[in-house]
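The shown structure was predicted, so the numbers you read here are calculated from the model rather than taken from an experiment. Atoms within a ligand are numbered from 1 in the order they appear, just like the ligands themselves.
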Amino acid sequence: MADSTAEGNYNAENIQVLEGMEAVRKRPAMYIGDTGERGYHHLVYEVVDNSIDEALAGYCSMIDVVINPDGSLTVQDDGRGIPVDMHPTQHKPAIEVVLTILHAGGKFDGSNYKVSGGLHGVGVSCVNALSDWMRVEVRRGGKIHHIEFSRGHVTKPLEVVGECGEETGTKVTFFPDHTIFSCHAFKWEILCARLRELAFLNKGVTIHFRDDEGEAHHEETFHYDGGIDEFVGYLNQNKKAISPVIHFEGEKPGLTGMVQAEVSMQYTESYSTLEQTYCNNIHTIEGGTHLSGFRRALTATIKKYGLDNKLLKEKEFDSLTGDDMREGLTVVVSVKVPQPQFEGQTKTKLGNGEVDGIVAGIVSDKLMTFFEENPAAAKVVIEKTRLAAAAREAARAARESTRRKGVMDGLSLPGKLKDCSERDPSKTELYLVEGDSAGGSASQGRDRATQAILPLRGKILNVEKARIDRMLANNEIRTLITAIGCGFGEEWDISKARYHKIVIMTDADVDGAHIRTLLLTFFYRKMPELIDRGYVYLAQPPLYKVERKKKVEYVLTDGDLTQKLLTLGLDDFEVKGKDGAALDPERAKALLTLLAEIEATAKMVEERGFSPAALVADESAQGSGASMLKKQFSSLSAFGYGPSDWFGGPLPKLLDDVRAHGKTGLSIYRFKGLGEMDDDELYDTTMNPAKRHMLRVKLSDAVAADQMFTLLMGDEVEPRRKFIEDNALNVRNLDF
Ligand code: 28G
């Protein structure tokens with residue numbers, strides 16, 4: 001009844017609110033992109049962006065983000081606080097207007113444009129519309145004000161709930177409407193990546209992030225006085241730098257107001273290029289005018305400096321391309337544009353034309369000065385460029401010669417490829433199969449109309465460590481390029497893809513994992529569009545074959561097998577609790593599942609040379625293994641048991657007994673490789689579209705993906721060891 005519309009006066013303002021909030025709820029995807037994981041986290045970005053705007057205006061230095069135990073999320077800032085006085089035309093408090101009227105943010109304040117704003121820039125009123133409830137607290141003018149909403153409508157009108165002295169700021173807590181979203185929890189990793197990025201892009205702001213949900217208790221503080229310079233250092237932490245971090249910034253008037261541009265760059269020994277570009281804090285994945293301006297200025301300046309200083313001959317000069325000059329480069333470009341135009345397929349390409357010239361102007365002046373003042377660094381960069389050009393020339397020659405043999409254009413497909421008959425790529429699948437014997441089974445068992453098989457022999461070349469010419473000289477890689485059909489490098493054409501599903505099918509062992517990683521590195525570095533479009537998949541062959549009373553079943557993972565054994569084992573088995581009373585079947589299953597998890601974690605911790613019992617006892621012990629074990633034992637305490645019941649206690653025997661009971665009458669066979677399955681078995685379990693489980697490879701976080709491939713495939717041994725150790729318990733990271 002507290003909603004102002006409940007009084008019956010349906011004036012124009014109330015209708016505006018009603019229609020606005022209902023429009024958002026009716027078509028949420030139009031406002032926040034989608035209603036899955038992405039949209040769910042997008043809600044947080046919209047709220048945090050308000051605080052960032054307040055920081056950019058110079059009034060806020062601290063932003064606190066907390067995932068609460070009930071699954072809601074709180075953002076708090078120390079800005080001026082959203083105004084609470086009556087709005088001049090809307091006849092309600094300004095705060096209510098900000099939170100219930102679409103696009104209220106920028107509308108009644110022309111002078112101070114909104115530079116932040118998420119990808120969709122829809123404002124916090126959309127978050128309100130899509131939240132089951134939202135509570136807002138404002139500290140301002142010595143008083144604490146409070147207002148509450150449900151699904152975008154006021155449920156508790158603005159009131160003063162206390163005093164706060166000089167303190168000012170805004171605190172927003174919201175619980176997304178789970179009837180709208182398919183994702184129902186905030187993920188630490190996803191929010192962490194974005195909050196870290198925001199702290200890099202807005203130097204000096206402190207963002208504190210904590211997870212109070214469950215028992216995870218993660219906590220991080222992001223604060224970078226070095227801004228995007230520190231960002232470049234972070235991106236290059238596992239690469240060998242061959243230049244210092246170079247920084248440029250400036251501002252110039254554009255068509256819609258002042259444009260600010262900031263660039264940080266550093267060359268490394270790597271053969272790949274990492275370009276991260278932003279407009280108004282939004283990651284412009286498709287690039288745009290800021291990126292083209294940067295590239296143009298970089299190319300022109302390097303050429304000019306090289307020629308003027310006789311580091312390059314006229315002839316070499318002609319053969320250099322922009323790509324050559326960006327090999328090994330990591331660059332962050334961040335611009336602030338008053339009325340950004342976003343274009344492209346995913347609306348992440350900056351379109352404002354004048355930004356190209358503004359960025360180019362800032363970069364060329366200052367890069368030339370840098371080269372003149374640091375001739376040694378300039379020499380290293382130009383030498384790297386020369387080598388990249390030479391390798392590219394060699395690759396082109398290799399490509400020409402293979403083209404003459406018809407390899408690149410798909411005229412003659414490789415002999416090893418068992419192609420399908422269907423020609424419509426949206427209906428066809430290419431299986432990349434480890435080993436000739438599995439390749440044989442797959443060829444026999446497949447659906448010949450739509451499924452093609454390419455057996456791969458031995459290891460794929462590590463493209464992270466090989467220059468392009470050596471890569472194209474490699475037979476497996478050439479075969480792969482021809483079979484896929486899109487060409488390579490300058491001639492890449494996604495529309496020529498011969499299959500829209502490319503399925504990596506490897507054994508579930510260390511060698512299989514290695515081959516899979518090598519193939520993923522190849523696709524990520526050399527054919528990223530395949531991954532962007534979601535064409536790359538991982539097959540999931542079963543790990544076990546289980547027979548019971550002549551009935552055969554296939555089991556995918558160790559975890560699934562344990563679940564199966566526990567279910568069978570508990571069927572006519574009574575488990576007594578701490579107090580001696582029998583546990584009901586649900587609780588018994590929960591207890592045994594937990595014991596199985598503890599067993600698995602303890603085993604991995606031991607394999608890494610630690611004592612699990614000692615780790616659990618040591619309060620200060622950290623690392624994924626220690627915190628996971630502690631979390632598991634804290635769950636176990638809900639059953640009244642502690643670590644002493646497991647380590648040297650009776651509980652391991654309980655787990656063994658139930659499992660052994662579950663195994664009676666079963667025959668369990670663990671596949672050692674794909675080659676052990678016959679044609680029909682392989683098709684039925686792994687390739688049959690009606691039954692198979694496949695994972696689609698997604699790389700939503702470019703920063704994390706670049707670091708992962710650099711680490712896994714590069715030659716820095718120590719960080720790789722640490723990465724693998726840190727992630728040993730989190731294999732999902734490697735599978736995306
Ligand atoms: C904690 C979660 C998200 C915010 C402010 C501060 C002001 C504001 C927000 O104004 C538009 C513009 C001026 C009236 C601005 C306070 C000027 C003076 C603000 C936030 C309408 C709204 N005093 N902090 N909005 N004003 N933090 N954090 O939402 O004319 S939103």
Just heavy atoms, cut-off under 4.0 Å: does His87 contact ligand 1 by side chain, backbone, both, or neither?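 The answer is neither; His87 stays 4.0 Å or more away.
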Aromatic rings [X] and [Y]: how do their planes relate, parallel, tilted or perpendicular, breaks at 30° and 60°?
| X | Y | value |
| --- | --- | --- |
| His184 | His178 | parallel |
| Tyr45 | His42 | perpendicular |
| Trp133 | Phe175 | parallel |

Any sub-3.5 Å donor-acceptor pair from [X]'s side-chain atoms to [Y]'s backbone N or O?
| X | Y | result |
| --- | --- | --- |
| Thr289 | Asn352 | yes |
| Asp356 | Gly293 | yes |
| Asp64 | Phe209 | no |
| Thr155 | Glu148 | yes |
| Lys171 | Arg135 | no |

Report yes or no: does Ala94 have a heavy atom closer than 4.0 Å to ligand 1?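 Checking ligand 1 against Ala94, which is what was asked, there is no heavy-atom contact under 4.0 Å.
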Answer with yes or no whether Gly169 contacts ligand 1, where contact means a heavy atom under 4.0 Å from a ligand atom.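 Distance cut 4.0 Å: Gly169 fails for ligand 1.
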What atoms in ligand 1 come closer than 4.0 Å to a heavy atom of [X]?
| X | result |
| --- | --- |
| Val75 | 1 (C), 2 (C) |
| Asn50 | 3 (C), 20 (C), 28 (N), 29 (O), 31 (S) |
| Arg140 | 16 (C), 23 (N) |
| Val47 | 2 (C), 3 (C) |
| Ser51 | 1 (C), 2 (C), 3 (C), 28 (N) |

Tell me the nearest of [options] to [atom], using heavy-atom distances.
| atom | options | result |
| --- | --- | --- |
| atom 6 (C) of ligand 1 | Glu137, Glu54, Arg80, Gln76 | Glu54 |
| atom 31 (S) of ligand 1 | Asp49, Val65, Thr74, Ile82 | Ile82 |
| atom 24 (N) of ligand 1 | Thr168, Val124, Thr170, Val127 | Thr170 |

